[in-house]
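For reference, the structure is listed below as structure tokens.
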Amino acid sequence: MASDLPASPWPGVVAHYRTLIDLPPDARPVTLLEGNTPLIPVPRLADALGGGFDLWLKYEGLNPTGSFKDRGMTAAITQAVHAGAEAVICASTGNTAASAAAYAARAGLRCIVIVPEGKIAKGKLAGSLAYGAEVVNISGNFDEGLALVREASERLPVTLVNSINPYRLEGQKTAAFEIVDVLGDAPDWLCLPVGNAGNITAYWMGFVQYQQAGNAHHTPRLLGAQAAGAAPIVRGEVVPNPETVATAIRIGNPARWREAAQALEESEGQILAVTDGEILEAWRMLSTLEGVFVEPASAAGVAGLRKQIREGEIDVRGKRIVCVVTGHGLKDPEIVLRSAGEMVTLEPDFDALADYLEMPAT
Ligand SMILES: *Cc1c(COP(=O)(O)O)cnc(C)c1O
């Protein structure tokens with residue numbers, strides 16, 4: 001009998017932070033027990049960036065479908081079910097699709113996802129298909145997909161679960177609460193990748209709300225990083241054909257542009273563009289120095305921090321800094337296999353192995 005089962009010590013982000021989340025009190029959470037992700041101290045990475053400060057990673061790849069999108073999706077699907085929806089729709093560069101598909105499955109809803117054909121990482125497409133979503137490829141980019149699903153949600157009986165849905169941000173802001181709960185206060189800087197700009201908006205909401213609730217003394221400064229080929233906020237204009245290896249942030253016209261700009265201003269933050277080369281360097285440092293394997297977009301915040309330190313744009317001495325790493329590396333295995341060197345094949349023979357390793361045998 002279900003009532004005899006022990007309660008999970010972690011009930012998911014909606015139940016854990018219920019009083020701080022703007023959802024109808026009688027809405028029953030649709031959850032996969034997302035959230036409560038590790039905040040990992042990374043001293044080797046901090047040293048490689050110059051040292052003299054404390055650095056943590058908020059490892060969001062450890063959410064149930066492998067990205068932070070699950071925090072927002074539990075809230076959005078909870079509300080959709082509460083409001084009587086039978087179908088949900090989203091446009092996605094991959095992770096939103098996989099997350100919507102999983103939570104819709106959990107709730108027994110039909111799920112339609114619109115993705116740019118050939119531009120989403122294999123692990124994300126596989127997730128969406130595995131969870132039983134109806135995947136529709138379009139011969140266009142994410143921004144065109146978003147325009148399409150906006151119209152669909154107005155004219156068809158489907159609920160939109162992209163981050164223009166306010167419940168997504170309600171769920172996503174819980175990551176800020178978790179960081180403060182672990183550190184005892186807000187960090188001095190929070191660094192993260194920026195695509196559609198929902199996450200940076202949600203973090204800011206969360207930090208401000210937690211401070212107002214008396215749980216933190218201050219709020220962090222935000223450091224947002226966009227990919228150089230998809231940097232509309234940095235450039236101050238829409239990018240019609242965004243391009244980057246970091247497919248999760250390949251977005252030219254962010255839906256939460258205005259809110260992100262406001263969060264950056266209020267936090268005395270900074271936003272900058274990082275090249276694909278810089279993103280991939282940071283991505284490699286994360287996995288080889290700290291054992292934290294993320295998808296390329298997730299490394300943009302670290303790349304941005306590294307660049308600002310190098311260029312003397314921020315003073316990190318004695319500071320506490322958190323980089324949000326947004327999605328798991330297994331989402332995009334092809335990029336690893338493409339960028340790794342040749343692998344060796346040996347006879348199954350001890351001498352061959354010892355020779356190859358150039359180690360003296362005893
Ligand atoms: C969605 C996503 C982002 C970008 O977040 P926005 O809210 O669109 O700015 C970054 N990294 C990963 C892995 C994502 O899935």
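Note that ligands are numbered from 1 as they come in the structure, with each ligand's atoms numbered from 1 the same way.
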- Item | Full working for side-chain hydrogen bond (donor to acceptor under 3.5 Å, both in side chains) between Gln172 and Asn199 | CA-CA 7 Å; Gln172 282 172 212; Asn199 210 29; 3.3 Å; yes

- Any side-chain donor near an acceptor of the partner, Ser139 and Glu117, under 3.5 Å: no

- Message: Would you call the rings of Tyr210 and Phe177 parallel, tilted or perpendicular, taking 30° and 60° as the class edges?
- Response: parallel

- How about Glu313 and Gln270: does a side-chain donor come under 3.5 Å of a side-chain acceptor? no

- min-distance protein heavy atom vs atom 11 (N) of ligand 1 -> Thr326 OG1, 2.7 Å

- Query: Taking distance alone, with no angle check, do Gly198 and ligand 1 share an N/O pair under 3.5 Å?
  - Reply: yes

- Quick one: which ligand 1 atoms are inside 4.0 Å of a heavy atom on Gly327? 13 (C)

- Query: Applying a 4.0 Å heavy-atom criterion (strictly less than), which segment of Lys69 is in contact with ligand 1: side chain, backbone, both, or neither?
  - Reply: side chain

- Donor-acceptor pair, side chain of Thr74 and main chain of Asp70, under 3.5 angstrom: no

- Note on the structure: In terms of heavy-atom contacts, Ala102 and Leu32 come closest through CB-CD1, 4.0 Å

- Message: Heavy-atom pairs closer than 4.0 Å: do any link ligand 1 to the side chain of Ile249, the backbone, both, or neither?
- Response: side chain

- Specify the closest pair of heavy atoms between Ala260 and Ile200, including all atoms of both residues, with the distance to one decimal. CB-CG2, 3.6 Å

- Item | Backbone or side-chain N or O of Val194 under 3.5 Å from ligand 1 N or O | no

- Query: Numbering the atoms of ligand 1 from 1, which are under 4.0 Å from a heavy atom of Gly195?
  - Reply: 4 (C), 6 (P), 8 (O), 9 (O)

- When you look for heavy atoms under 4.0 Å from ligand 1, do you find them on the side chain of Asn199, its backbone, both, or neither? both

- Message: For a quick check under 3.5 Å, do Thr37 and Arg71 share a side-chain donor-acceptor pair by atom type?
- Response: yes

- Message: Tell me whether ligand 1 is touched by Ala197 - counting only heavy atoms on the residue side and a distance under 4.0 Å.
- Response: yes

- Please indicate whether any nitrogen or oxygen in Gln172 is less than 3.5 Å from any nitrogen or oxygen in ligand 1. no

- Task: Answer side chain, backbone, both or neither: which part of Glu295 comes under 4.0 Å from ligand 1, heavy atoms only.
- Result: side chain

- So which heavy atom in the protein is nearest atom 5 (O) of ligand 1, and how far is it from that ligand atom? Phe68 CZ, 3.4 Å

- Check: Arg250/Thr93 side-chain N/O donor and acceptor closer than 3.5 Å: no

- Enumerated ligand 1 atoms positioned under 4.0 Å from heavy atoms of Asn196: 6 (P), 8 (O), 9 (O)

